**Q** 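One structure, pasted below without further comment.
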Amino acid sequence: MSNKLRIVMANDHGATELTRELKDYLESKGHEVVWLGTQTNDSVDYPDQAEKACREFLKGSYDFGILCCGTGIGISISANKIHGIRCALPQNCYAAQMAKEHNNANFLAFGGRIDYPESPTSMVQTFIDTAVSPEPRHRNREAKMMALEKA
Ligand code: RB5
């Protein structure tokens, strides 16, 4: 990925602090962040937040997106219902690396109420630092994943 990235983010009330932390981190690294999620702790619905960020991403000017809710589960499931989205829910830096290398994920999801063994900021940085593998078997699997949207 090029030096300065454009990242879209959204979240529900279960991860406002985590989303702010990730935004501050990315901006400190010189990236541009568009934050569409809630910035308060008032209750909002994670499918709406996922949809907002995914529709914005699909307009085309973003490198990837980040979605956060209490666990990361509801918002990642929601995102993966939208055609063109491959949202990974990494548990650690290894999974974040694989999410790029093998799966070519275009969204990462995290949980604001999850106690991670490695910080979400380090997982995001690992994802940024990793390239998509050119290995045909991985790209064929990605094509098969996307073909499931049409099945
Ligand atoms: C909201 O309370 C919570 O359900 C949501 O943030 C998320 O954890 C759902 O998967």
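Note that the structure is a prediction, hence the values are computed from the model and not measured.
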**Q** For Lys23, which of Val33, Val34, Asn11 qualifies under side chain to side chain contact (heavy atoms under 4.5 Å, CB included)?
**A** Val33
**Q** Find out whether Met146 and Arg86 are in side-chain contact, i.e. whether some heavy atom of one side chain is under 4.5 Å from a heavy atom of the other.
**A**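 Side-chain contact under 4.5 Å: yes.
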**Q** Could you label the plane-to-plane angle of the Phe110 and Tyr116 rings as parallel, tilted or perpendicular, counting under 30° as parallel and over 60° as perpendicular?
**A**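 Phe110 vs Tyr116 ring planes: perpendicular.
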**Q** Nearest 0.5 angstrom please: Asp42 CG to Gln39 CD, how far?
**A**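 Between Asp42 CG and Gln39 CD, I get 12.0 Å after rounding to 0.5 Å.
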**Q** Let me confirm one number: the CD-SG distance from Glu21 to Cys68, rounded to the nearest 0.5 Å.
**A** 9.5 Å
**Q** Report yes or no: do Met123 and Ile114 belong to one cluster of Ile/Leu/Val/Met/Phe/Trp/Tyr joined by side chain heavy-atom distances under 4.5 Å?
**A** yes
**Q** So does Leu5 get a backbone contact from the side chain of His31, meaning a donor-acceptor N/O pair under 3.5 Å?
**A**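 A pair under 3.5 Å: yes.
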**Q** Let's go through Tyr25 and Gln125 carefully: what are the C-alpha distance in whole Å and the side-chain angles of both, what is the deciding distance for side chain to side chain donor-acceptor pair (under 3.5 Å) to 0.1 Å, and is it a yes or a no?
**A** CA-CA 9 Å; Tyr25 174 78; Gln125 189 58 54; 2.7 Å; yes
**Q** Does the side chain of Ile82 reach to within under 4.5 Å of the side chain of Leu58, using non-hydrogen atoms?
**A**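 Answer yes - side chains close enough.
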**Q** Just wondering, do Phe64 and Val124 contact through their side chains at under 4.5 Å, heavy atoms?
**A** yes
**Q** Linking I/L/V/M/F/W/Y whenever any side-chain heavy atoms sit under 4.5 Å apart, do Ile85 and Tyr62 land together?
**A**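 In one cluster with Ile85: Tyr62, yes.
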**Q** What about Leu36 and Tyr46, same hydrophobic cluster or not, with Ile/Leu/Val/Met/Phe/Trp/Tyr joined at side-chain heavy-atom distances under 4.5 Å?
**A**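 Same cluster: Leu36 reaches Tyr46 through Ile, Leu, Val, Met, Phe, Trp or Tyr contacts under 4.5 Å.
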**Q** Distance-only, no hydrogens or angles: does the Asn103 side chain make a donor-acceptor pair with backbone N or O of Ala105 under 3.5 Å?
**A**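 No; zero donor-acceptor contacts below 3.5 Å.
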**Q** Between the side chain of Asp63 and the main-chain N/O of Arg6, is any donor-acceptor distance below 3.5 Å?
**A** yes
**Q** Roughly how far apart are Asp45 CG and Cys69 SG, rounded to 0.5 Å?
**A** 11.5 Å
**Q** In Å and rounded to the nearest 0.5 Å, what is the CE to OG1 distance from Met98 to Thr130?
**A** 7.5 Å
**Q** Provide the closest heavy-atom pair for Ala109 versus Gly72 in the form atom of the first, atom of the second, distance.
**A**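 Heavy-atom minimum between the residues: CB-O, 3.8 Å.
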**Q** Taking Thr16 for its side chain and Thr40 for its backbone only, find out whether a donor-acceptor pair lies under 3.5 Å.
**A**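 Looks like yes, one N/O pair under 3.5 Å.
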**Q** Could you check whether any side-chain N or O of Arg139 sits under 3.5 Å from a backbone N or O of Ser133, counting only pairs where one atom can act as donor and the other as acceptor?
**A** yes
**Q** How long is the gap from CD1 on Ile75 to SG on Cys54, to the nearest 0.5 Å?
**A**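 One gets 8.5 Å once the value is rounded to the nearest 0.5 Å.
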**Q** Is there a donor-acceptor pair under 3.5 Å between the side chain of Gln49 and the backbone N or O of Leu67?
**A** no
**Q** Is there a side-chain contact between Leu26 and Ile66, using heavy atoms and a 4.5 Å cut-off?
**A**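 Yes, side chains in contact.
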**Q** Tell me, do Met9 and Thr19 make a side-chain contact under 4.5 Å, heavy atoms counted?
**A**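 Yes, side chains in contact.
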**Q** For residues Ile73 and Ser76, report the shortest heavy-atom separation together with the two atoms involved.
**A**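 Heavy-atom minimum between the residues: O-OG, 2.9 Å.
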**Q** Between Asn106 and Gly84 (side chain of the first, backbone of the second, donor and acceptor by atom type, cut-off under 3.5 Å), is there such a pair?
**A**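 The answer is yes, because a donor-acceptor pair under 3.5 Å joins these two groups.
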**Q** Is there a path of hydrophobic side-chain contacts, each under 4.5 Å between heavy atoms of I, L, V, M, F, W or Y residues, that connects Phe107 with Phe127?
**A** no
**Q** Give, for atom CD of Glu51 and atom CD of Glu56, the distance between the pair rounded to the nearest 0.5 Å.
**A**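 Glu51 atom CD to Glu56 atom CD measures 12.5 Å (nearest 0.5 Å).
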**Q** Does the Asp12 side chain pair with the main chain of Gly14, one donor and one acceptor, at a distance under 3.5 Å?
**A** yes
**Q** Looking at side-chain heavy atoms only, is the closest gap between Val132 and Lys100 below 4.5 Å?
**A**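 Val132 vs Lys100: side chains touch.
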**Q** Quick one: does any side-chain atom of Asn80 pair with a main-chain N or O of Cys87 as donor and acceptor, under 3.5 Å?
**A**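 Indeed, once roles are kept as given, a pair shorter than 3.5 Å links the two residues.
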